[in-house]
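Order of appearance sets the numbers: ligands from 1, and atoms from 1 within every ligand. Heads up: numbering here begins at 1 and tracks the sequence.
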Amino acid sequence: MRKTIILSNRLPVQLQINEGKMQAKPSVGGLATGMKSVHQEGESLWIGWSGLTQEEIPEDLESEIDLALEEHGCSKVRLTEAEVEGFYYGFSNRTIWPLYHYFLEYAEFELSNWKIYEAVNRKFANAVLEQASGDDILWVHDYQLMLVPQMVREERPDLSIGFFLHIPFPSYEIFRTLPWREEILKGLLGADLIGFHTYDYERHFLSSVRRVLGLEVNFNEINLEDRMAKVDSFPMGIDYAKFHEAAKKNADQKDGEQSDLQRRLYAHKASTPDAKFFLSIDRLDYSKGIAKRLKAFEYFLGKYPEYKEKVRLIILAVPSRSKVPQYQLLKKEIDELVGRINGELSTVSWTPIWYFYRSLGFENLVDLYTSCDIAWLTPIRDGMNLVAKEYIATRTDKTGVLILSEMAGSANEMHEALLINPNNFEQIADSLHRAINMPEAEQKARNTPMQKRLARYNVEKWAGDFMESLLTHKQSDPPYVARRLTVDLTNTMMTQYRKARNRILFLDYDGTLAGFKNDPQKASPDAELLKMLDALYEQKDTDIFIISGRDKDTLGKWFDGRGYSMIVEHGVWISEGGSAFQLLENVKNDWMPKIRPVLESFVDRTPGSFIEDKNYSMAWHYRNTDPDFGQKRATELNTVLTSLIANDDLSVLNGNKVVEIKSSNVNKGRAAMRMIARKDYDFIFAIGDDWTDEFMFQELPEDAITVKVGRMKTQAKFYLEGIPAARALIHRFTEM
Ligand code: ADP
Ligand code: G6P
């Protein structure tokens, strides 16, 4: 039976050993709490780290631990203390976490940690390979395991591999500072589908892929050598019913049934009925802006002193990554801030801040959510922030105000909340003031639509959408069918070549015979190429055609006096045996004055781009522009052109860094077909690298030999890796 393998560093349970006894505790953090619900639903195996190092696990407890994990549908990856140090505390939490959250000054770039990160990712990949069978689906989670998708793909390309990043993906300007940026991107691209919480993270990722790896991106698909990887955003939801039902139960509790925490909260509410509780819940992490929040609270009480003794801030900070120095410093800073503010402002009957530094059980979490009038969450950066969603889900009577940082991913979906910039104390103080005084009707009007959305797009739906998208993509994008032109295949082809009585060869020029240059006029043929083509031309019973999108003047000049036949401008002109160019197709060019100003406006606005005028087509080249920007402009130009040429018989060709407008009835395929109809050819060969060559590959007869240069998706039968390989193959023809 097909199963889903969930792979993450954290398992849903964390193991601890106390006085020789094993204890399992639920994990905190968005990934583990969210995926837990998904895991419980279907047929799945969750592989991850138990939270204990190998050194901490007594030998006699090992099997007990494995058994306990098995009961939770989990299996553990064994990590030594040194591995946890370098991989988890080191590279994951001292390099990637700060960098991806824009804390560049905290990011450490240690080669030794990177090496351990690689080795531990290999361990996780091996754990998957041991367990994966048949058509299993692998879902890899988060920044600790970014190399795993490619590592698994290398061994098991048949598996459907998904990856989800639970934290932000930073802008290219930040990401580029990472010394191992290429390796990370290549690791991620091993997945069939890569998911992010928001569209912003998605577009940052695509931009880095384009700039760092120079890969072609079409909307949200990345063109890889032998397949496409898809990228999309899926905002993670929560187990809405679980929180909502727990809150209802909490409201129905009788006096004796309440938790100790709940009783105390009620008691305080009863003694000061007008007082408002502000709630702040996070892991103790610098990205969550806890220290700033404390300072903002002090600022608020300074600006609105009438609320002294009328409000209370409840801060719950969950211990996290406490071996990382930044977290230790933060803990110290928060302890001091709470101490100072409470010391300065407390009165006999009022302590402004209640501070808990611990993990709480689910019931207590719900006690807090349901008892606090205002949830105040101010992360400086946060991939999603599920606490915000959980708070809204527990408000069964629809009251309560959510104040949320616009830097949290969840702010994209929760625009009815009071959104604030965590650095703007003035705005925060005013939002707190507004929240305290918000009429109940307004609170309900804001929370109702949020609850509806959270109930609908819950964590199950989120996971379901991701899985569906992964499977549909995998099915619709089988690996390319073109075969690599191996030595054996080439030898067979040569035998056919020798035996043939009438041969015809179509050779594309740029990207096949010659490399791209920043200035297209500089890509003239070198002596070696001319010698090879001359030798082919001399051969009996062989017709060669250089078939190109270039203009007739350039190719006419370059091959002047050589005598080879040429088809240029995609098939508009033909020159045979050194004769002058003749029109092959009857085409018009009266549309050009209409299109030229449009292209000029794109040249003006896109530095590095230029127009190439041909007799019957016009091309806008963007090879020398910023790759991201150029691509964006090309998409924009396509949109503009599509509406502009709707009534003309024109088409837009998207070539290699070029957008070309030409008559619809002209293409290389049609031109090649006209040539082969003239004789009884028994060896038909076409080679090309570009989109525009696909017309030939598509239209030539079944027995034609078609070769794509480069490993892009193609209709050709074979592919070769690059220009030198293409030339070497053509050279074989001359040695017949
Ligand atoms: P992050 O993933 O960065 O920790 P999120 O807000 O997305 O932040 O997720 C935090 C998760 O951890 C939530 O599901 C929340 O319920 C849980 N959690 C937060 N604080 C506690 C706590 N004190 N005890 C137990 N669970 C907690
Ligand atoms: C965030 C990360 C998770 C991580 C969690 C808790 O949610 O995205 O990958 O598990 O924080 O952090 P920890 O370091 O304790 O696993």
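Side-chain atoms of His197 never come within 3.5 Å of backbone atoms of Phe164 as a donor-acceptor pair (strictly under, hydrogens ignored). A donor-acceptor contact shorter than 3.5 Å links the side chain of Asn121 to the backbone of Leu147. In this structure, Gln262 contributes its side chain and Asn364 its backbone to no donor-acceptor pair below 3.5 Å. Arg181 places a side-chain N or O within donor-acceptor distance of the main-chain N or O of Arg176, the cut-off being under 3.5 Å. Without hydrogens or angle criteria, Asn412 side chain to Gly409 main chain gives a donor-acceptor distance under 3.5 Å. Within the 3.5 Å criterion, the main-chain N or O of Leu11 finds a donor-acceptor partner in the side chain of Ser27. Thr370 contributes a side-chain N or O that, together with a main-chain N or O of Val366, makes up a donor-acceptor pair within less than 3.5 Å.
With a heavy-atom cut-off of 4.0 Å, Asp282 does not touch ligand 1 at all. Both the backbone and the side chain of Val387 come within 4.0 Å of ligand 1, judged by heavy-atom distances.
Atom 9 (O) of ligand 2 has as its closest protein heavy atom Asp142 OD2, 2.5 Å. Looking from atom 7 (O) of ligand 2 to the surrounding protein, the closest heavy atom is Gly30 N, 3.5 Å. Among all non-hydrogen protein atoms, the one lying nearest atom 14 (O) of ligand 2 is Tyr88 OH, 2.5 Å. Nearest protein heavy-atom neighbour of atom 2 (O) of ligand 1: Gly30 N, 2.6 Å. Looking from atom 12 (O) of ligand 2 to the surrounding protein, the closest heavy atom is Arg321 NH2, 2.8 Å. Residue, atom and distance of the protein heavy atom nearest to atom 25 (C) of ligand 1 are Leu360 O, 2.9 Å. The single protein non-hydrogen atom nearest to atom 22 (C) of ligand 1 is Val318 CG2, 3.4 Å, given as residue, atom name and distance. Among all protein heavy atoms, the one lying closest to atom 12 (O) of ligand 1 is Gly29 N, 3.1 Å. Scanning the protein for heavy atoms near atom 27 (C) of ligand 1, the closest one is Val28 CG1, 3.6 Å.
Taking every heavy atom of Arg358 and a limit of under 4.0 angstrom, the matching atoms of ligand 1 come to 23 (N). Against a heavy-atom cut-off of under 4.0 Å, Arg283 is close to the following atoms of ligand 1: 1 (P), 3 (O), 4 (O). Of all the atoms in ligand 2, the ones that sit under 4.0 Å from a non-hydrogen atom of Arg283 are 1 (C), 6 (C), 11 (O). If you number the atoms of ligand 2 from 1 as listed, the ones under 4.0 Å from a heavy atom of Ile167 come out as 8 (O). Proximity to Glu390 (heavy-atom distance under 4.0 Å) selects the following atoms of ligand 1: 13 (C), 14 (O), 15 (C), 16 (O). Less than 4.0 angstrom separates some heavy atom of His166 from each of these atoms of ligand 2: 8 (O). Every atom of ligand 1 with a heavy atom of Leu316 under 4.0 Å away is listed here by number and element: 23 (N). Atoms of ligand 1 lying under 4.0 Å from any heavy atom of Ile281, numbered from 1 in the order shown and given with element: 19 (C), 20 (N). Contact atoms of ligand 1 toward Lys288: 1 (P), 3 (O), 8 (O) (distance under 4.0 Å to a heavy atom of the residue).
The number of heavy atoms from other shown groups lying within 6.0 Å of OH (Tyr199) does not exceed 12.
Geometrically, Arg381 engages Tyr102 in a cation-pi contact, judged by NZ or CZ lying under 6.0 Å from the ring centre and within 45° of the ring axis.
Note on ligand 2: His141 sits outside its first shell, no heavy atom being nearer than 4.0 Å. Residue contacts with ligand 1 leave out His166, since none of its heavy atoms falls under 4.0 Å from the ligand. Residue contacts with ligand 1 do not include Met236, since none of its heavy atoms lies under 4.0 Å from the ligand.
In this structure, Phe91 has its ring center under 6.0 Å from that of Tyr117.
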Pair Trp354-Phe278, ring-ring contact (aromatic ring centres under 6.0 Å, His included): steps then yes or no = CA-CA 10 Å; Trp354 284 355; Phe278 301 164; over 10 Å; no

Run the side chain to side chain contact (heavy atoms under 4.5 Å, CB included) check on Ile374 and Phe277 step by step: do they pass?
-> CA-CA 6 Å; Ile374 295 159; Phe277 285 174; over 6 Å; no

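One finds no salt bridge joining Arg122 and Glu118 here, because no Lys/Arg side-chain nitrogen approaches an Asp/Glu carboxylate oxygen to under 4.0 Å. Between Lys249 and Asp252 no salt bridge is recorded (no basic side-chain N to carboxylate O distance below 4.0 Å).
Taking only nitrogen or oxygen atoms, main chain and side chain alike, Gln144 reaches within less than 3.5 Å of ligand 2. In terms of polar-atom proximity, Trp97 is not counted as a contact of ligand 2, lacking any N or O under 3.5 Å from an N or O of the ligand. Considering backbone and side-chain atoms alike, Arg10 places an N or O below 3.5 Å from some N or O of ligand 2.
The closest side-chain donor-acceptor pair between Tyr88 and Asn9, if any, does not fall under 3.5 angstrom. If you check the side chains of Ser92 and Gln144, you find no donor sitting under 3.5 Å from an acceptor.
Between atom 7 (O) of ligand 1 and the options Ile167, Thr33, Leu386, Leu377, the minimum heavy-atom separation is to Leu386.
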